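Labels below follow one simple rule: chain letters A, B, ... track the order of the sequence lines, proteins then strands, and each chain is numbered from 1. Keep in mind the model is a prediction, meaning the values are calculated, not measured.
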There are 2 protein chains.
Amino acid sequence: MTQVKLPKIQKMPADARALSVLRSQIVDGSIAPGSRLTEIQLSEEMGLSRATVRTALHQLGKEGLVKLVPYTGWTVIELTPTDIWELYTLRGAVERLAAQLAATKSDEKSVAAIAASFETLRRECEIGKPTSIAEADFAFHKSIVNAASHERLVMQYELIEQQIRVYIHSSDALISDPIEIVAQHEPILRAIRDGNPSLAGELSERHNLVEGEKLTSSM
Amino acid sequence: MTQVKLPKIQKMPADARALSVLRSQIVDGSIAPGSRLTEIQLSEEMGLSRATVRTALHQLGKEGLVKLVPYTGWTVIELTPTDIWELYTLRGAVERLAAQLAATKSDEKSVAAIAASFETLRRECEIGKPTSIAEADFAFHKSIVNAASHERLVMQYELIEQQIRVYIHSSDALISDPIEIVAQHEPILRAIRDGNPSLAGELSERHNLVEGEKLTSSM
DNA sequence: CAAAGGGCTATTGTCGACAATAGCCCTCAT
DNA sequence: ATGAGGGCTATTGTCGACAATAGCCCTTTG
């Protein structure tokens with residue numbers, strides 16, 4: 001009965017695996033923005049058929065990570081300042097809703113999860129490497145989104161987060177003061193815990209706009 | 001030089017055509033929610049290969065209009081009350097941002113476009129059929145989204161609108177009083193024209209929550 | 001030398017066939 | 001009668017081959 005089912009990534013159909021692998025590599029920067037990808041080369045490297053890889057690429061296209069140029073090839077997205085502005089304004093809108101919903105429910109379990117991820121963030125801000133801090137930052141935001149119990153919201157958020165990660169990795173733009181990070185996030189947690197939807201929403205939106213500003217101004 | 005290029009739908013690659021056709025049929029209700037679709041049957045009906053149809057179906061899957069059941073087939077989404085709640089809350093968040101941006105720019109051309117679509121809406125509310133009113137309603141909302149000049153916002157909005165249309169057509173849920181429709185939309189236009197982002201955003205969000213409530217309560 | 005035209009190549013677009021599998025139905029034992 | 005077990009069928013999953021095309025290079029011509 002102690003059957004673990006961790007290796008789910010191994011038992012997936014081939015196209016889903018290809019999708020998962022390619023997505024990881026793009027998101028973590030192993031495949032750089034602007035890279036040219038061809039179906040044949042990828043299929044040879046991954047030991048899969050072209051059709052299978054092609055399916056995965058089309059999915060990534062819908063996720064906004066790659067672009068198809070007809071009869072010529074695929075390229076990994078390159079994010080311009082305008083794209084960053086789009087991503088952060090959109091994330092602001094999405095997280096505003098998430099925070100509103102989380103604060104409305106103010107469900108004990110969800111609040112605990114958010115509080116936990118905030119604690120991790122605080123700890124990382126004191127002793128952690130920049131990348132660990134950034135990771136904890138993402139985790140905190142995601143815990144709020146999860147607390148909203150809103151499937152479409154989660155999906156939309158993940159698409160945005162992916163693209164932001166592409167940019168972060170390609171530019172090493174981790175320019176925030178650890179102390180300010182804590183100061184920016186703590187009030188959000190408090191507003192959710194206090195069951196104050198409009199404040200939680202407002203703070204979340206503003207936080208994203210501020211972060212977006214920082215990034216675009218440093219480009 | 002008087003070369004018209006209307007028939008763009010004719011010159012598209014086959015997979016894009018299949019995508020376009022299937023999407024239209026699902027969104028306008030010709031293919032009912034819950035319908036079972038099989039790649040072979042569709043490919044025969046459309047005179048295309050299975051692979052081509054399959055590509056289109058995967059795209060529709062990413063758009064959230066169909067769901068794939070492994071080794072069994074595809075089904076058109078059926079929207080539950082929870083789905084409607086998700087759609088309208090999400091649309092509220094998206095349109096809030098759109099209205100904020102539109103009001104911030106308060107760009108002459110965009111405002112004119114929004115005002116024009118509002119006039120159409122007002123006219124349809126007086127003399128039009130319910131379906132024309134609903135269409136003008138959608139057009140008004142979209143004109144605001146377009147005014148934001150935000151590509152990802154537009155795409156996200158279109159996905160949401162599509163799914164709402166599926167539900168509208170499947171349930172004939174057009175339950176609004178024409179007079180109230182005008183009363184709900186007019187202040188939004190005014191706030192955008194006045195360059196009042198926070199009011200425009202707030203009104204847009206609230207409008208969507210109200211509409212969502214109406215629909216879910218009537219299920 | 002510049003510009004237009006044609007062909008070559010790399011790559012996606014499309015196709016039909018075979019493999020794998022989920023779910024049904026039928027059998028058979030109890 | 002009923003439950004388990006096995007095989008059958010419909011459908012997706014995967015593959016390799018051929019068709020169409022965009023973009024480059026090379027030639028040719030003025």
Query raised in the report: Which nucleotide of DNA chain D is the first, and which the last, in the 5' to 3' direction, to come under 4.0 Å of a heavy atom belonging to chain B?
Result: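 Both ends considered, the range comes out as D/dT11 to D/dT14.
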
**Report entry** With sequence neighbours excluded, residues passing salt bridge (charged side-chain N to carboxylate O under 4.0 Å, His left out) with A/Glu135
**Finding:**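 Partners of A/Glu135 under the salt bridge (charged side-chain N to carboxylate O under 4.0 Å, His left out) test: A/Arg165.
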
Query - For DNA chain D, the residues among residues 58-65 of chain B that have a non-hydrogen atom under 4.0 Å from it - result: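 Hits under 4.0 Å, by residue number: none.
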
Requested in this report: Mind listing the residues from residues 34-48 of chain A sitting with a heavy atom below 4.0 Å of DNA chain D? Number order is fine.
Outcome: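 The answer is A/Leu48.
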
Requested in this report: Start with the C-alpha distance between B/Asp83 and A/Arg152, add both sets of side-chain angles, then the distance that settles salt bridge (charged side-chain N to carboxylate O under 4.0 Å, His left out), and finish with yes or no.
Outcome: CA-CA 9 Å; B/Asp83 289 317; A/Arg152 285 172 177 81; 3.0 Å; yes

Query raised in the report: Between A/Ala14 and A/Thr72, which is nearer to the 5' end of DNA chain D once each is assigned its nearest nucleotide?
Result: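 Closest to the 5' end, via its nearest nucleotide, is A/Ala14.
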
Query raised in the report: Where each residue is assigned the nucleotide of DNA chain D containing its nearest heavy atom, which of B/Leu57 and A/Pro70 is assigned the position nearer the 5′ end?
Result: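 The residue closer to the strand's 5' end, by nearest nucleotide, is B/Leu57.
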
Output a table of donor-acceptor pairs, distance under 3.5 Å, between side-chain atoms of residues 68-79 of chain B and any protein atom two or more places apart or on a different chain; print 'none' if there are none.
| unit_1 | atom_1 | unit_2 | atom_2 | d |
| --- | --- | --- | --- | --- |
| B/Thr72 | OG1 | B/Val69 | O | 2.7 |
| B/Thr72 | OG1 | B/Pro70 | O | 3.1 |
| B/Trp74 | NE1 | B/Glu39 | OE2 | 3.1 |

**Report entry** Exceeds 12 heavy-atom contacts within 6.0 angstrom, atom CZ of A/Arg23
**Finding:**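 Correct, the count exceeds 12.
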
Report task. Indicate, with yes or no, if the rings of A/His58 and B/His58 have centres closer together than 6.0 Å. Result ->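 They do not qualify: ring centres at least 6.0 Å apart.
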
Query raised in the report: Does a side-chain heavy-atom distance below 4.5 Å link A/Leu209 with A/Glu205?
Result: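 They are in side-chain contact.
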
Report task. Taking the side chain as every heavy atom from C-beta outward, state whether B/Leu57 and B/Leu42 have any atom pair closer than 4.5 Å. Result ->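 Touching, per the 4.5 Å side-chain cut-off.
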
Query - With sequence neighbours excluded, residues passing side chain to side chain contact (heavy atoms under 4.5 Å, CB included) with B/Ser43 - result: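 Applying side chain to side chain contact (heavy atoms under 4.5 Å, CB included) to B/Ser43 gives B/Arg50, B/Val53.
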
Query raised in the report: Just by distance, do the side chain of B/Ser20 and the backbone of B/Ala16 share a donor-acceptor pair under 3.5 Å?
Result: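 Not confirmed, B/Ser20 side chain does not pair with B/Ala16 backbone.
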
Query raised in the report: Do side-chain atoms of B/Thr52 reach the backbone of B/Leu48 as a donor and acceptor pair under 3.5 angstrom?
Result: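 Looks like no, no N/O pair under 3.5 Å.
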
